[in-house]
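First comes the structure, then the notes that go with it.
Lettering follows sequence order; numbering is per chain, from 1. Because the structure is a prediction, the values reported are computed rather than measured.
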There are 2 protein chains.
Amino acid sequence: MSLRERKAAKKKEDILRSASLVISRKGYHNATMEDIAAELLMTKGSLYYYFKNKEELLYRCHDLILSEAMKKMEEILSQEISSAKKMEMAIKFHLEVAIREKEIFNLIVKPEQIFSKEHLGEIVEKRAEYAEVFDRIIDEGVSKGEFSIEQKKMARMIILGATNWVQVWHSPEGEYSNEKIEEIYAAYLLKMLV
Amino acid sequence: MSLRERKAAKKKEDILRSASLVISRKGYHNATMEDIAAELLMTKGSLYYYFKNKEELLYRCHDLILSEAMKKMEEILSQEISSAKKMEMAIKFHLEVAIREKEIFNLIVKPEQIFSKEHLGEIVEKRAEYAEVFDRIIDEGVSKGEFSIEQKKMARMIILGATNWVQVWHSPEGEYSNEKIEEIYAAYLLKMLV
DNA sequence: AGTTATTTTGAATGCTTATTCAAAGTTAGT
DNA sequence: ACTAACTTTGAATAAGCATTCAAAATAACT
């Protein structure tokens, strides 16, 4: 890859990070292309040199963050540890991402309100894959006898709902540290499973 | 109250219901004043006869629905039943509202992205009051020895998060009935508390 | 240092919507 | 039936933003 190509790739990623940041702060609809560009001391026109339009940009943000998270989840899944331990790690990691990426990761909650058909399918699919990580841990735990859960789908919904919601109330100045929150959530949600 | 006043009051409420509906379907930013009016076979101009502007309209929607829900919660609180039973009822009722009012009740998740200062305070306060219902049940249950929970605030966050999240995935065509969902959620979340 | 391919710019365009308002239509109460 | 007060209308206004694009600036390579 030439120097130019590498520079362009870096710029693309810079833009994605900036977009994530601005969208986290203001929400998708209030984050203007100008805001995103300003964060990088660029002008909005330039963004269109790298991305077709705003939707494309958001789609790439979403994809980047979800892919990174997915990689980590795969790693947790493949470890040689108890299902309870896996679930604990998955919950903690998921909370970490949810807190860090607020808007992007969660609040694109009604993707059909934002994305056009081409992207929608991929997004829904990718999210389903991610959610499946939790299903797999639950299944494994149940068959090993570690968990006792009849309604596995609902259990997963409760876990993801509870953890996704964190970013609604979380504030960096809150009285609990992120680690503390992760500890408590993991403990209480595991209590529900066993 | 004169006939005219009563008619105007009814129209106001009709508009609020229509707005709730449209906003539920499309989300706040995609619900136009025209959509809201069209639902009632009116034109958007008329809406301004009843409400100052879109924000005011949304604020009133929010307020109406939350007030109704709050009334019911007070009633649950005052009954002579076990704390576990109260929590069960509160969870079930909350789910009912969350499913019915989707957007309005929950997805105004970042009120500061939508509301101006005047309304923001009242909204935050009213939501805090509502959340407190759950705190009170938890406190009561702990002191009666029915629940064993150290981190009461976190337990409440988990419960509200899990239940609020329902509207993200819920579909009327889903394989579970609302009642079934309510049953399972209440059972699993109570398991966490006791 | 010069040439050519990239990047960036910012002004112009156009679309979507909220909001206003004067005029037209409707209604409750006499 | 009349009329004064109330409602509705729809066309006009205005603001905010995404998107385009021709021209200017910059950088890589020889």
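Of all nucleotides listed (C:dT9, D:dT8, C:dA28), D:dT8 comes nearest to the side chain of B:Met42. The side chain of A:Tyr49 sits closest to C:dT8 out of D:dA18, D:dT7, C:dT8. Closest to the B:Asn53 side chain, of the nucleotides D:dT9, C:dT19, D:dA18, is C:dT19. Here D:dG10 is the nucleotide among D:dG10, C:dT27, D:dT19 with the atom lying nearest to any side-chain atom of B:Thr43.
Put simply, CE on B:Met33 is 19 Å from P on D:dA14, counting in whole angstrom units. Distance CG (A:Asp14) to P (C:dT7): 14 Å, rounded to an integer number of Å. Rounding to whole angstrom units, CD of residue B:Glu56 and P of C:dA18 are separated by 16 Å. The interatomic distance linking B:His29 (NE2) with D:dC17 (P) rounds to 11 Å, in whole Å. Atom P of nucleotide D:dA14 and atom NZ of B:Lys44 are separated by 16 Å, given to the nearest angstrom. Rounded to a whole Å, the NZ atom of B:Lys11 is 10 Å from the P atom of C:dT27. Atom CD in A:Glu34 sits about 14 Å away from atom C1' in D:dA15, given to the nearest Å. Atoms CZ (B:Arg4) and C1' (D:dT3) sit 11 Å apart, rounded to a whole Å.
Along DNA chain C, the nucleotide closest to B:Ala31 and the one closest to A:Leu41 are compared, and the more 5′ of them pairs with A:Leu41. Along DNA chain D, the nucleotide closest to A:Thr32 and the one closest to B:Glu5 are compared, and the more 5′ of them pairs with B:Glu5.
At least one side-chain heavy atom of A:Gln151 sits less than 4.5 Å from a side-chain heavy atom of B:Lys180. A:Met157 places none of its side-chain heavy atoms less than 4.5 Å from the side chain of B:Trp165. Using a 4.5 Å cut-off on side-chain heavy atoms (C-beta onward), B:Tyr176 and B:Ile184 make contact.
Distances shown here put a side-chain N or O of A:Tyr50 below 4.0 Å from the OP1 or OP2 atom of C:dT8. A close approach under 4.0 Å does not occur between any side-chain nitrogen or oxygen of B:Ser46 and OP1 or OP2 of D:dT8. For C:dT20, neither phosphate oxygen OP1 nor OP2 lies less than 4.0 angstrom from any side-chain nitrogen or oxygen of B:Tyr48. For the OP1/OP2 pair of D:dA28 and a distance below 4.0 Å, the side-chain nitrogens and oxygens of A:Lys7 include at least one atom meeting the criterion.
Among the atoms of the strands shown, none is found under 4.0 Å from any heavy atom of B:Ala37.
Each of A:Arg17, A:Arg100, A:Lys126 was compared with A:Glu68 under the salt bridge (Lys or Arg N to Asp or Glu O under 4.0 Å) criterion, and only A:Arg17 meets it.
Aromatic pair B:His94/B:Tyr130: centroids less than 6.0 angstrom apart.
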